[in-house]
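Have a look at the structure below before the remarks.
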Amino acid sequence: MRYWLMKSEPDVYSIADLANDPTEIWDGVRNYQARNFLREMQVDDLAFFYHSNTKPPGIVGLMKIIEADIVDPTQFDESSKYYDPKSQPEEPRWRTVKVGYVETFAEQITLDTLKATFSPEELLVVKRGNRLSVMPVDEAVAEKLLEMGRSA
DNA sequence: GCCAACGTTGGC
DNA sequence: GCCAACGTTGGC
């Protein structure tokens, strides 16, 4: 069982949206490094939900991987902003996972708090200039994050 | 809204 | 295979 961190802009898709859905396909990732992490995910892995491009940015909750290695349907949808004309149905370029809601943290763990608590080596998201939207989280760091998020 | 960081594209 | 131009991300 591994831990991950996945970013989403709350204006586009927030933890509240996920709480209202039974499950959701995490679509729209169009970065190869992020996609490779998505492909490593296995059922029952846990992922921290991170709100980006908002004030303040930070970790807001937890979700679980409930289905692994799904073809991202938006890559073949010409009306989608994530449409990729270079991706062939016989060899889809973009794969992702289906996630399920687990919990919303009692208190958001802001980026400022994350920076004050973890080094860039411990937690990639605090690294300056980091633009990855999907990244692995070390188990010891993950346990601390759970503790921080659950104690308001 | 700005802009630094950095990924991608395409000409050569 | 290099690299300039361009596009996107995301904190501020």
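Naming convention: chains lettered A, B, ... in sequence-line order (proteins, then strands); numbering from 1 in each chain.
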Letter per nucleotide, 5' to 3', of nucleotides 6-12 of chain C [B base touched, S only sugar-phosphate touched, - untouched; heavy atoms, 4.0 Å]: -BBBBBS
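Between Glu40(A) and Arg2(A) there is a salt bridge, since a side-chain N of the basic residue sits under 4.0 Å from a carboxylate O of the acidic one. Residues Asp69(A) and Arg39(A) are paired through a salt bridge, judged by an N-O separation under 4.0 Å between the basic side chain and the carboxylate. A salt bridge between Arg93(A) and Asp84(A) is present, with a side-chain N of the basic residue lying under 4.0 Å from a carboxylate O of the acidic one.
Heavy atoms of Arg128(A) sit under 4.0 angstrom from primed sugar atoms or phosphate atoms, though from no base atom.
A donor-acceptor pair is defined here as one N or O able to donate and one able to accept, closer than 3.5 Å; no such pair exists between the side chain of Thr54(A) and the backbone of Pro56(A).
Sorted pairs that involve residues 53-91 of chain A and meet ring-ring contact (aromatic ring centres under 6.0 Å, His included), not counting sequence neighbours, are lacking altogether.
Checked against a 6.0 Å centroid threshold, the rings of Phe49(A) and Trp4(A) do not count as neighbours.
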Pair Thr117(A)-Lys144(A), side-chain contact (heavy atoms from CB on, under 4.5 Å): steps then yes or no: CA-CA 10 Å; Thr117(A) 312; Lys144(A) 185 143 190 207; 3.9 Å; yes
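Note on the helix from dG1(B)-dC12(C) to dC12(B)-dG1(C): angle between the axes of the first and last five pairs equals 10°, rounded to 10 degrees.
The aromatic rings of Trp26(A) and Tyr13(A) stand perpendicular to each other, their planes meeting at an angle above 60°, with 30° marking the opposite boundary.
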